[in-house]
Structure formats: structure tokens, C-alpha cells
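Some notes on the structure that comes next.
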Amino acid sequence: MEILQIASWNVNGWKRSCELIKHREVTVAQFLSKLNIDILCLQETKTNDSTIENEFRLLDAYSDEYETYWTCCKKKGGEKIQRGYSGLATYVGHKAKIICCCSDPFRNFFFSVDGFSDEDLLVSRCFPRDNSSVSFYALPRGSGHISGVVSNQTAGQTAGQTAGQIRPAGAPLQSVSDLFNEGRVLITIHNQFVLVNVYAPYSGCDYNRLDYKMRFLHAVRSKLLELRITTGLPIILVGDLNISFRNRDVHYLNNVVNLDELQKEINKVSIREDLKQRICKQIPLIIETLNNRDNFVIKKVKGENSESFRLYLNFNGEVKRVGTKFTSMEEIYFFFSLDPVFVEDKYAGVYPNDFFFFLQEPGGDIQGGDVRSGDDEEGDNQRRDNEEWDKEGIFHKGNDHPGDPLHRSETHHGNHEERDVYDSFAEESEQICSHLRKEEAAPIEDYLLHRGRKNVKCNLKKIATHGECRTILCRYSFQSCIDGKYNVKKANTLYLKHLNDILISLGTFLSREDLLNVANAVGHSSSPECCTNFMKNLICEDRMVDTFSFFYPFLNGKFTCWDASKQHRMSNEGSRIDYILVDFVLYARLIKGHSHLYASPVILTDELREWLRRGGGPSEAARDEANNGVVTDDAPNNAAETSNAANTGNSVDNDKAADNDKAADTGNAVDTGNAANTDNAANTDNAAHPRERSYLWVNSPENNCNYANYFNRLRKKAGRIPTEEEALSGDEEDIYHFQFKLRSYIGFIYTSPRLSDHIAVNCTFLTKAKSGGEEKRKQIPICFSGEATIPLRSFCSSAEQYASFLPLYLIDTPLFSGYAFKFLHPLHAHGGTCPSVARAQPHKKTSKITQYFSIKRGKR
DNA sequence: CGTAATACG
């Protein structure tokens, strides 16, 4: 049973991290083989083209054991090239055979297209959570004109803006590709999936770049939609998304609590009755105090070389000091004022809230250029030259799809919503796929279109005739925010740590467990709602699986990133912003592995060391676990373990096993309302199943904290790289290598904080479906796009099933891609390169590398 | 505080 492990890691400068890794492992290849990583996706490499070319040895960019793909920041803010910023790399081992690669994903995306009308609409779907929508239009050949796109060269000449455009001078409407040019997306297409490596922009501590970030994210989402359609392959989206979407994805003290909600839902919080009453009594006073800034008394304290601020609050005449110290007045008001906080959307009116792309036969009037081989960078430029740029730059506001108002009510207790989605999909998908196999497409199509799924609008007349059209236009629209402002803090909300500060000053003392219980019951992520909604759309609407939270919905304290400047890794005060999301189709191939292992950040505490040495555990529980196949040897590659993992019901495609495991997780879950579970897991000496006890012990908050900072011990205060004399003690050596002994299938790889302020996240797949192989694939190749080799017409007539299901993409995305994936042949799989995406080559050991990376920097 | 170029996370 072949398995494939993918890891994603924000390395915060690959040059240095790589150097450190090589100091221990000699080569990156050895590091990868030690961790059984077949594909390593890196973010924040901070490299540039010339570094890759000139210092490829330093970066281990060339090896016999893998290929490497790179993208770098081209420029920032439309200005000069910023070197040493952002940048991605994907290291691909030979096992994960790559078909092609694209480092310029938005080159065929447009902000605006003219020459189509509502009558051309095939089908559209609105996603009410954030009012984003996807629409397909079937256009007669030759219609549809790219507009609103001004190349950089002509931008200066068209400075006199058309009426109706609010674009400030000096902010030319660029092409989509030119706007997202910071080396943040790297796509590799493999035999069985498309891998999208992403580094989402950081909003900035003052949310200065939230507008850019949201537009970037929506662009990525529209690219995912395009990739699903044009490749027929499922997507694996990995990387640093700079979003924590659940309350559990941020440290409990950094959860945001709504005071009204806390008051109303106090009974959901498992804390002592007297504490509940105390809190409920004090909330009105807190609200009253914080609502009037006259109650804020702020004192400036001069330090030796810095100043800090202290906060005193006037509680109805009683003045109490709150918290310790703060860095600024603004910070205090941001945290303690109950007013909502908004930030301006600087892009409002500058860029339209639409992304367009075409699906059509080659040689059409719009795309112009002929099909070229992937490594011909001129093709792109020629295509550009042939295009008729509309210098008016008119764009349309995406208001065609009035949907439900924003904000669907949602609870924040785990991710039940996502689970319901998965469950209902799995059932329905099975039914429909079996129907499809019998080639009875039409009734199913009718069924899907007519079953009244709301938010879907379709034009049945157009659908009936769209085979005659030769161009399909796809439009992704989004509502960036309301009234040109993003809400980054809601009214009546406080960080739990600040609420705690206030409660302390009022004489109410909550224990760590109490606070954790408050966070789990009514806490919210501190990411802005527009960001969490984006993630929820990926999961609930596009139905991707967040591999970590899906398998571990209730774990607390599992983070991928910590603020290095504040040494927060020591206290495990972090956030989970690095993800591996997969299209639902791949869900059945994920290897869950052993429950405590894919929580994985296993650290060598004395107890665990002893546990390992004995091959048993702190109890019969762990021994039981060990006998069950816990890896204690140094050769996690051995076949026995692999087949064990794959066949003993740990693989999720065995429904029964999955249910059992899920049940175990839920039973152990800390938010069962039992406060004792949370922090005292290790000590809980109840009658729980040994396996559960072991699980609780390994995943207790104490251990989480240990995991988080254990490798700090490797941190040497003196010198950047330990010299030979500083060679690590046997103990540390032990510890270092320990992380490679226990194999994690889905979870985290707790890399040393010396390497990066992020750790790596990983997940593992079976490369072949388990149950007796797949259904026989049809010899109908799927790959069509602006530069596809398959004319849409012939495609439609020979694969009318697939074509007729195109609209269903919107109605049931996983069904669509599941069908394509299961039954049709991706063109890429046998055709070598894929013309629609091949735009970059693996790094090669040659003196002239740069030519392969100058895709977007060619002449315009 | 660390990476990298003098900003950014």
C-alpha cells in the first residue's frame, strides 16, 4: 500500500532554516526521508530568483531525489521589487510524480469582461455566508471582451480615468496577475491531485492590509474553482492562510468573548454555579464602565528606554487597576472599548469585486494565442499582445446576486456544521455516483436542478442549448465588506484575557480550567469575521476538509505558529494558521493513523521517554496502544507498520472504523461540559478506556505546552549555528531525533523554534483507493481552459455527461469533481504537460536558471 | 526577536 505524505511549513527564511537542517542532516533529502515527507511545501522562503540560481547548493534546490519549484515576490504594492519577502517553494519527491507547475496562477484571470448579459447565464450560485457567488455564462463564439485591464505600460497613458471610476491617480487598474505578484501561490499538478501552496498576506497588526488579504483569498478561491473544472483533479490546498477560523485555533486567553453572549449562554459554560452568578452580576457593571471612555484612566509609565501604559477603570466610583502594562493608548482602547472597530477598505472602487476566466476552445477570438508547450514563456507574452486591451477599464459591481443577508447564525462549539455537511454529502454522493455509473444522467440533473436548493439560480433554456456555445465564461464575485469598511472587532467584545483582567480587579478569580471552559463554550476566534467566513466557505460550501480539525475537532492548545518576539512558544500561546485542506474526494484516502499520533507533536518528556523505552506506557493503556502498533523503532518505513496503518481500520475509508474513532474522539472531547477533563486529563483516574486515558494524557494541555516548547531546549543562546564544540549533548540529540521516531499521519511536526516560528503541518494519503480499485475510467480526457487542447464542442458531444454536469459544479462541487476524478481521465495523466498551467519548470542544475523563473517579467 | 535588507511577521 503506497502512501504519500505532504508537509507544509512556513520557514521564515529558507536560507537559514535550510542551513540549520543541513547542519544536522547533511542534505534536505535526508531530512525529508527521515520524516517520510514526499512533498514539502514551504512558505516565506524569502528567496529571490538570483538566490535560487546562484545559491542553489545552499538551498538544496537541486537534488537527484526531488524536484523543486519556486515562486518569488516580484514586486509589492505595484512598486519596486522587494527582495527577501514572501516566496514559496515546493519540493517534490519522485514518488509524487509531477505533471506540471504554475507559479503565475492568475494570468488567465480578469477583473472585468464585457459583452455578455444576464440572458447568457447558465447557472449561478450565491454563498450567503459572505455573499460571494459563482456564475457560468454560455457565450456564442466570439463574444466576451476583456475589459478593465490595463497593462502597466499603458496605465500611465490612461491616467485620465473614465467617469465612474473612483480609482485614485497613480493606482492603475492592473491585471489580476499584476496585483497578486508577491510570490504567494505555487501550483503543482500531480497524477492524482492538484497541490496549491499558498502564503496568504498578513493583515498587519492594525489590519492595514486586510483589504489586500481578502482580495487575495477570494482570488485563490476562484482559482481553486477553475482548477477543479479544468483539471478534473481534486485540490489539496496547503499553506499559511493567516486565519484561525475556530475558537480553538487561538490560545484560549486570546479568544474573543461577547459580553451579551456570555451573559445569555452562561449555562453552557462548565464552571461553578457561584462563579456563574458572580460573573452575571458583574457583566452589566463591566458593560456600563467600558461604554464610557470617561471611566478609562490611563497612566504613562516611563521605562529606561521605552514607555508603557497602565489602565485604571472607574467602576461606578471604585477605581481599579486592570491588567499589567500596555504599549499604547490606542491598544488599550482597541482592547477595552466595547465599540466595534472598522478598518477602511482601501481597494473599494479601485478594483472590481469580480474575477473572470474563460473555458473555451483554443483559437477562439478572445484568447487568441495558439497552444504552446509549457516552457515557452513567449507564448504568454504573445497572447497578451494579441489581446485588445480595453483602456476604458470599465468594471461592473458584483451586485447581480442578491442573496440572504450576511451572517448565518452559528454556534462556536466545535465544527458540527462542517461535519453535517460531510455526512450529508457522503450519503448523497454515493447515491448519485451510482446513478451516474448507470449513465442515467438526465433524471439526476433534473433532480439536482429542481430540488430547490436555495441560492442556486439556473437558466434551464440556456442549459439545454449551451452545447452550441463555444465559450463558457466563469465569474467569481464577492462582497468585500459593507460600506467600504471591514469590521475587525465586534461590538461588546473583549479578549478573554482582558475580561479576566477586569474580573480579577473586581475580585472574581477564574482558574485556568474555568477560563478554558469559558473559551470553549462562548469564545470566538480573534480573526476578523470576513476571514473566518472565508474558511467556512471553503469547508461548508466548497466542502474541503481541514485535515486537522476534521480528525481532531475538540483538541485544545494545538497551534502552528507563535509570536517569536514574545517567546510565546514557551507558554504555548499560539494560533493555528497553517493548514492542509483537501477536496472531499480525497477524504477517503487520508490515513488517520493512531489517534494520539496524529495529534503528533509528541515530545520526549521523562514519562514519555520511559514509556518509549519500555515500549509501553504510563499505564496499561499506553502499553495497549503500543501493542496496537505505536512506532517505537527507528525505521518507521517498515512495511508492517504501513500496512498496519492502512488496514487495521485506521484508514478512514472504512466507515465503521472512522465512526469508532470519531466516537472515541468525541467521548474524550474536552467540551463535553466536564471541566475535569480539560486540564487534569493526565491525572484523571476514572474508569475510562485505557486507550482514552492514554489519549487524554498525550493531549493534555500540559503536554501541549511541553510539545510546544520542548525543542526550545535545542535553542543555543550563543551563536547562530552550534559549532562542533557546542555539539549537542546526547540528551538533546535524543530529543532532536525523537520527533522522527513517532510517525504522525495527520497533524504537526514540531520543528525546532530555531528553524522557524511556525511548525510544519502534515497529512498522509494512500495513493490508491483501498477498496478493490476504482471504477473503470472512461477514456474521455478532461482538461479544458483558454488554452486547452480539447475543443469544448467535441468535448461536450463526447462527454455530454461531464458537460451537462458543469452547471452542477455550482450546485454540488464535490459531486462534480468526484465524478470527474472517479470516472474520467485527466488529460494530464497521460499527456505529459498541461498547456493550461505549465508555466514553470523544476529548478535545474544549470548556470542559467533565471530564464525558467522570469515568466512574468518578460517584455510586455 | 529573527530574517533579511533597512521592512516584515
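Atom set for the values below is all heavy atoms of this structure, side chains included, hydrogens, waters and symmetry mates excluded. Letters go in sequence order (proteins before strands), and every chain restarts at 1.
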Have a look at A:K15 and say if it touches a base, only the backbone sugar-phosphate, or nothing, with a 4.0 Å heavy-atom cut-off. sugar-phosphate
May I ask you to check whether A:F548 and A:F748 place their ring centers less than 6.0 Å from one another? yes
Do the ring centers of A:Y91 and A:F31 come within less than 6.0 Å of each other? no
What pairs of nitrogen or oxygen atoms, one from the protein and one from nucleotides 6-9 of chain B, lie under 3.5 Å apart?
residue: B:dC8; atom: OP1; partner: A:K76; partner atom: NZ; Å: 2.7
residue: B:dG9; atom: OP1; partner: A:Y85; partner atom: OH; Å: 3.0

Which of A:F534, A:F180, A:Y351 passes ring pair (Phe, Tyr, Trp, His ring centres under 6.0 Å) with A:H218? It is A:F534
Nearest-angstrom distance, C1' atom, B:dA4 to B:dG9: 12 Å
NE2 of A:H568 versus P of B:dC1: gap in Å, rounded? 13 Å
Could you tell me whether A:R576 and A:D546 have a side-chain N and a carboxylate O separated by less than 4.0 Å? yes
Residue pair A:N353 / A:R215, side-chain donor-acceptor N/O under 3.5 Å: yes
